[in-house]
> 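Got a structure for you, written out below as structure tokens; questions coming shortly.
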Amino acid sequence: MKKSKLSLLLVLSLVLSMFLAACSGGKDTSKDTDKDKGTDKGAATEQLADSQELNVLESAEIPSLDSVMNQDVLGGTILGAINEGLYRLDPDQKVIPGVADGMPTYNDDKTVLTIKLKKEAKWSNGDPVTADDFVFAWQRAIDPKTASPYGPYFMMGKIKNATEITEGKAKLEDLGIKAIDPNTLEITLTGPIPYIESYLTFSLFYPQNKKFVTEKGADFAKDAANLVYNGPFKMTKWDGPTATEWTVEKNDTYWNAKDVTLTKINFNVSKDGQASANAFTAGETDITPKLSQAAILSQFEGTKDLLRYQEPSIWWLKMNEKIPALKNKNIRKAIALSVDKKALVDDVLANGSIAADFLVPKGFAFLDNKDFRDTAGTYLKTNKEEAKKLWEQGLKELGLKEVSLVYVGQDTEAAKTTDAFIKDQLEKNLPGLKLTIESVPFKIRIAREDKEDYGLLMGGWGPDYADPMTYMDLWVTGGGQNHMDYGNTEFDKLIDSANKELALKPQDRWKALQDAEKILLEDDAAIAPLYQRSSNLLVNQKVKGFAHHAFGAEYSYQWIKILK
């Protein structure tokens with residue numbers, strides 16, 4: 001998910017502007033932490049606490065810790081703590097070397113990257129981390145037998161021969177990644193990628209120890225005992241995807257262990273926001289999950305404990321076009337126009353989130369210091385009168401008087417409140433619509449989405465790398481993250497063009513992506529965007545160096561120090 005000379009300048013400009021212009025991502029600036037010294041600037045007298053043990057609450061279980069099978073933010077965040085890829089983000093959102101021993105070198109047309117690896121990088125079992133570990137992991141991710149949810153989606157059209165392997169026209173060893181020697185990796189692209197360095201920070205591209213994974217077989221990543229680690233921490237307790245608590249401890253074999261101060265992090269799942277806030281007040285946790293209920297946030301408004309920032313994440317309703325009624329554009333557009341987004345963000349969420357009449361978020365993507373949104377349109381603004389007309393027209397076209405749909409949401413209290421509001425809005429504004437809400441655990445929600453086992457589904461997306469494409473290519477026909485049977489050949493052509501002939505033509509590429517966004521939303525009403533989320537969480541003032549990121553792993557824990 002992250003970031004030759006033209007392409008690098010484009011992405012560096014994007015990333016720098018993104019984090020100067022918006023308060024999404026970055027270290028906890030409310031605490032003004034100097035990450036190199038681990039103390040507040042101007043407060044050199046502060047000392048480390050005797051115990052460097054951190055307590056954290058999360059709102060969901062971890063669906064998977066197999067890096068080629070993970071497809072959610074929480075899994076990516078934990079993987080970023082216990083493993084490490086070629087590159088990672090630092091607290092200031094810069095792409096920095098992880099296992100790589102420096103930034104890539106490029107051939108003349110920017111399609112071949114050569115990356116040297118740190119010789120001191122090791123796995124927690126003592127094995128060295130080698131170039132072969134990356135080759136093995138990448139081949140496993142693209143292997144159709146693995147059925148990685150992200151492998152084909154992330155690599156096809158980008159890594160040489162990834163598409164051909166997925167289609168059975170090439171062998172795994174033809175994938176564009178080679179171990180030149182144990183400490184030298186060569187990556188071949190199908191064409192230049194403007195955001196390549198941020199792209200390579202994504203957890204899909206982490207190495208895997210071939211010998212360990214092969215020996216474990218089907219048990220690999222089943223629990224903590226069936227994992228091996230090369231990151232700042234190692235998992236010492238995790239009983240698998242249903243576990244509601246887990247523990248990581250400092251990994252002494254990590255190449256930079258000397259700069260990791262935390263010795264232990266205890267994680268527990270809390271799906272009730274008020275219970276999480278109560279635990280924080282009682283001193284039972286140092287960091288809460290995101291809190292989204294106004295009644296809870298009002299208790300901490302104006303305090304130094306409340307950390308708030310605008311995320312570049314968008315939440316939407318997915319509409320499964322395998323359902324005959326949702327194949328009708330007028331029905332989809334009626335649904336998209338019916339929800340009062342202002343009431344949703346102001347009265348229901350009341351947490352700083354903003355109504356979204358767009359796909360690519362505000363304050364995320366910049367070109368020549370201009371926000372992607374500044375020259376793009378706004379689409380599907382709430383219009384209940386127009387929604388009712390379109391609904392009636394759609395029903396007439398379908399020969400129906402009513403439509404019944406299953407609405408899949410999540411099982412947290414905040415999600416249930418939001419889903420109830422949306423159900424009320426849709427049923428009131430669209431006579432004859434009957435919704436049945438099914439609130440399920442996060443892992444089940446993902447599975448239902450993957451299987452297209454829903455009518456409407458509350459979903460969202462946080463960026464995987466620093467470019468608008470991280471939102472746009474989700475919707476290509478048959479794409480690995482589409483999961484709603486949507487397709488438009490004109491949309492597909494624009495995305496393909498942006499990935500190929502326009503890759504090094506920033507202005508033309510931008511225009512193609514904006515045109516594609518218009519097709520997706522205005523022309524097809526393929527999804528119903530709802531809001532761009534604001535994050536609100538409680539962080540103990542003694543916790544210094546907590547970093548949150550706008551893409552990839554949501555948080556980094558390795559720079560945290562607990563002060564007295």
Side-chain angles (χ1 to χ4, degrees), residues 18 21-22 24 292 310-319 326 329-367 370-391 394 418-419 421-426 428-430 456-463 467-475 484 486 488 490-491 494-495 510-535 550:
M18 173 168 62
S24 62
S292 57
Q310 191 78 55
E311 289 182 33
S313 65
I314 298 291
W315 290 80
W316 50 57
L317 286 180
K318 293 185 78 167
M319 296 179 274
L326 295 175
K329 184 173 75 172
N330 286 325
I331 294 292
R332 295 196 306 273
K333 200 160 192 177
I335 290 171
L337 296 176
S338 289
V339 178
D340 188 336
K341 302 177 193 178
K342 189 173 189 306
L344 174 62
V345 297
D346 289 349
D347 303 330
V348 180
L349 299 175
N351 61 4
S353 296
I354 59 174
D357 302 316
F358 45 79
L359 173 62
V360 178
K362 295 181 178 180
F364 168 64
F366 291 80
L367 181 63
K370 291 183 179 179
D371 195 313
F372 185 91
R373 295 258 54 89
D374 289 344
T375 51
T378 54
Y379 312 104
L380 301 176
K381 291 185 177 181
T382 302
N383 187 330
K384 296 180 182 181
E385 291 183 6
E386 179 67 13
K388 189 174 182 179
K389 292 178 184 177
L390 292 168
W391 178 253
T418 300
D419 295 340
F421 173 81
I422 293 172
K423 170 182 165 70
D424 180 70
Q425 288 279 297
L426 292 177
K428 278 185 177 178
N429 297 320
L430 304 176
L456 301 182
L457 181 138
M458 169 62 85
W461 195 260
D467 190 86
M469 187 62 77
T470 189
Y471 290 95
M472 300 306 303
D473 67 2
L474 297 171
W475 318 107
M484 58 183 193
Y486 168 74
N488 182 305
E490 199 58 40
F491 177 89
L494 287 166
I495 299 303
W510 220 247
K511 179 65 165 56
L513 292 175
Q514 291 175 337
D515 289 346
E517 184 185 48
K518 180 180 183 297
I519 289 173
L520 180 79
L521 300 181
E522 183 68 18
D523 297 352
D524 291 345
I527 61 170
L530 295 169
Y531 64 94
Q532 180 174 344
R533 187 167 70 178
S534 177
S535 282

> Before giving the answer on side-chain contact (heavy atoms from CB on, under 4.5 Å), spell out for Arg533 and Leu349 the whole-Å C-alpha distance, their side-chain angles and the decisive distance to 0.1 Å.
CA-CA 9 Å; Arg533 187 167 70 178; Leu349 299 175; over 6 Å; no
> Please name the pair of heavy atoms, one in Pro463 and one in Pro312, separated by the smallest distance, quoted to 0.1 Å.
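Shortest heavy-atom contact: CD-O, 3.2 Å.
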> Can you list everything that forms a ring pair (Phe, Tyr, Trp, His ring centres under 6.0 Å) with Trp391? Sequence neighbours excluded, please.
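Trp391: no ring pair (Phe, Tyr, Trp, His ring centres under 6.0 Å) contacts found.
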> Would you confirm whether Gln514, through its side chain, and Gly377, through its main-chain N or O, come within 3.5 Å as a donor-acceptor pair?
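Here the side-chain-to-backbone pair does not exist.
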> Which heavy atom of Asn429 sits nearest to which heavy atom of Ser338, and what is that distance?
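Looks like ND2-O, 3.0 Å.
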> Between Ile335 and Leu426, what is the shortest heavy-atom contact and its length?
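What the structure gives for the nearest pair is O-CD2, 3.6 Å.
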> Okay, side chain of Gln532, backbone of Ala355: is any donor-acceptor separation there less than 3.5 Å?
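A pair under 3.5 Å: no.
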> Less than 6.0 Å separating the ring centroids of Trp461 and Trp475?
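No, too far apart.
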> By the salt bridge (charged side-chain N to carboxylate O under 4.0 Å, His left out) test, which pairs, at least two apart or in different chains, include something from residues 342-356?
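Residue pairs with at least one partner in residues 342-356: Lys342-Asp346.
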> Pick out which of Ile495, Leu359, Val360 makes a side chain to side chain contact (heavy atoms under 4.5 Å, CB included) with Leu513.
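Option passing the side chain to side chain contact (heavy atoms under 4.5 Å, CB included) with Leu513: Ile495.
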> Taking only residues two or more places apart in sequence or in another chain, which ones pass side chain to side chain donor-acceptor pair (under 3.5 Å) with Ser353?
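Result, side chain to side chain donor-acceptor pair (under 3.5 Å) vs Ser353: Asn351.
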> Which residues satisfy the salt bridge (Lys or Arg N to Asp or Glu O under 4.0 Å) test with Lys381, sequence neighbours excluded?
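Partners of Lys381 under the salt bridge (Lys or Arg N to Asp or Glu O under 4.0 Å) test: none.
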> If you measure from CZ on Phe491 to CD on Glu517, what distance do you get to the nearest 0.5 Å?
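It comes to 9.5 Å.
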> Suppose we screen for ring pair (Phe, Tyr, Trp, His ring centres under 6.0 Å). Which residues come up paired with Tyr486, at least two apart in sequence or across chains?
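In terms of ring pair (Phe, Tyr, Trp, His ring centres under 6.0 Å), with neighbours along the sequence ignored, Tyr486 is linked to no residue.
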> How about Trp510 and Lys370: do any of their side-chain heavy atoms sit closer than 4.5 Å?
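No, side chains not in contact.
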> Does Glu490 use its side chain to pair, donor to acceptor, with the backbone of Ile519 at less than 3.5 Å?
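Looks like no, no N/O pair under 3.5 Å.
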> Measuring from Phe358:CZ to Trp316:CH2, what's the distance to the nearest 0.5 Å?
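Here the interatomic distance stands at 11.5 Å.
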> Kindly write out the residues that satisfy side chain to side chain contact (heavy atoms under 4.5 Å, CB included) with Glu386, not counting sequence neighbours, or none if the list is empty.
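Side chain to side chain contact (heavy atoms under 4.5 Å, CB included) check on Glu386 returns Leu337, Asn383, Lys389, Leu390.
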> Please tell me if the side chains of Met319 and Leu456 come closer than 4.5 Å, counting only heavy atoms from C-beta onward.
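Sidechains of Leu456 and Met319: in contact.
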> Which residues pass the salt bridge (Lys or Arg N to Asp or Glu O under 4.0 Å) test with Lys341, not counting sequence neighbours?
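So Lys341 forms a salt bridge (Lys or Arg N to Asp or Glu O under 4.0 Å) with Asp357.
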> With sequence neighbours left out, what residues match Lys423 under side chain to side chain donor-acceptor pair (under 3.5 Å)?
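Lys423: side chain to side chain donor-acceptor pair (under 3.5 Å) contacts with Glu427.
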> Is there a donor-acceptor pair closer than 3.5 Å between any side-chain N or O of Asp524 and the backbone N or O of Ala526?
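No: the side chain of Asp524 does not pair with the backbone of Ala526.
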> Can you list everything that forms a side chain to side chain donor-acceptor pair (under 3.5 Å) with Lys518? Sequence neighbours excluded, please.
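Once residues adjacent in sequence are excluded, the partners of Lys518 under the side chain to side chain donor-acceptor pair (under 3.5 Å) criterion are Asp523.
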> Using a 4.5 Å cut-off on heavy atoms from C-beta on, say whether the side chain of Pro529 contacts that of Tyr379.
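When only atoms from C-beta onward are counted, Pro529 and Tyr379 do not touch, as no gap falls below 4.5 Å.
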> In Å, rounded to the nearest 0.5 Å, how long is the span from OH of Tyr531 to OG1 of Thr418?
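That separation rounds to 5.5 Å.
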> In the structure I gave you, are the side-chain heavy atoms of Val339 and Thr382 within less than 4.5 Å of one another anywhere?
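SC-SC contact between Val339 and Thr382 ruled out.
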> Give the minimum heavy-atom separation between Gly462 and Ser313, together with the two atoms involved.
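Closest approach of Gly462 to Ser313, heavy atoms only: CA-CB, 4.1 Å.
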> Does a sphere of radius 6.0 Å around NZ in Lys384 hold more than 12 heavy atoms from other residues, nucleotides or ligands, not counting ones at 6.0 Å or beyond?
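Count over threshold, so yes.
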> Who pairs with Glu522 by salt bridge (Lys or Arg N to Asp or Glu O under 4.0 Å), at least two apart in sequence or on another chain?
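Partners of Glu522 under the salt bridge (Lys or Arg N to Asp or Glu O under 4.0 Å) test: Lys333.
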> Do you know the tightest heavy-atom contact between Asp371 and Gly363?
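Looking at all heavy atoms of both residues, the shortest contact is OD2-N, 2.8 Å.
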> Do you know the tightest heavy-atom contact between Phe421 and Ala343?
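Looking at all heavy atoms of both residues, the closest pair is CZ-CB, 3.9 Å.
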> So, taking the atom named CG in Leu367 and the one named NZ in Lys511, what distance separates them when rounded to the nearest 0.5 Å?
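Reported to 0.5 Å precision, the distance equals 14.0 Å.
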> Tell me whether Gln425 contacts the main-chain N or O of Asp340 through its side chain, where contact means a donor paired with an acceptor under 3.5 Å.
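Checked: pair present.
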> If you round to the nearest 0.5 Å, how far is NZ of Lys362 from CD1 of Ile354?
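If we round to the nearest 0.5 Å, Ile354:CD1 and Lys362:NZ are 4.5 Å apart.
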> First locate atom CD1 of Ile527, then atom CG of Leu380, and finally report the distance between them rounded to the nearest 0.5 Å.
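Spacing of CD1 (Ile527) from CG (Leu380) equals 8.5 Å.
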> Kindly write out the residues that satisfy salt bridge (Lys or Arg N to Asp or Glu O under 4.0 Å) with Lys428, not counting sequence neighbours, or none if the list is empty.
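Testing Lys428 for salt bridge (Lys or Arg N to Asp or Glu O under 4.0 Å), a comparison that skips the adjacent residues, returns Asp424.
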> What residues, two or more places apart in sequence or in another chain, satisfy side chain to side chain donor-acceptor pair (under 3.5 Å) together with Thr470?
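For Thr470 there are no side chain to side chain donor-acceptor pair (under 3.5 Å) partners, ignoring immediate neighbours.
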> May I ask you to test the Leu494-Met472 pair for a side-chain heavy-atom distance under 4.5 Å?
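No. Closest side-chain heavy atoms not under 4.5 Å.
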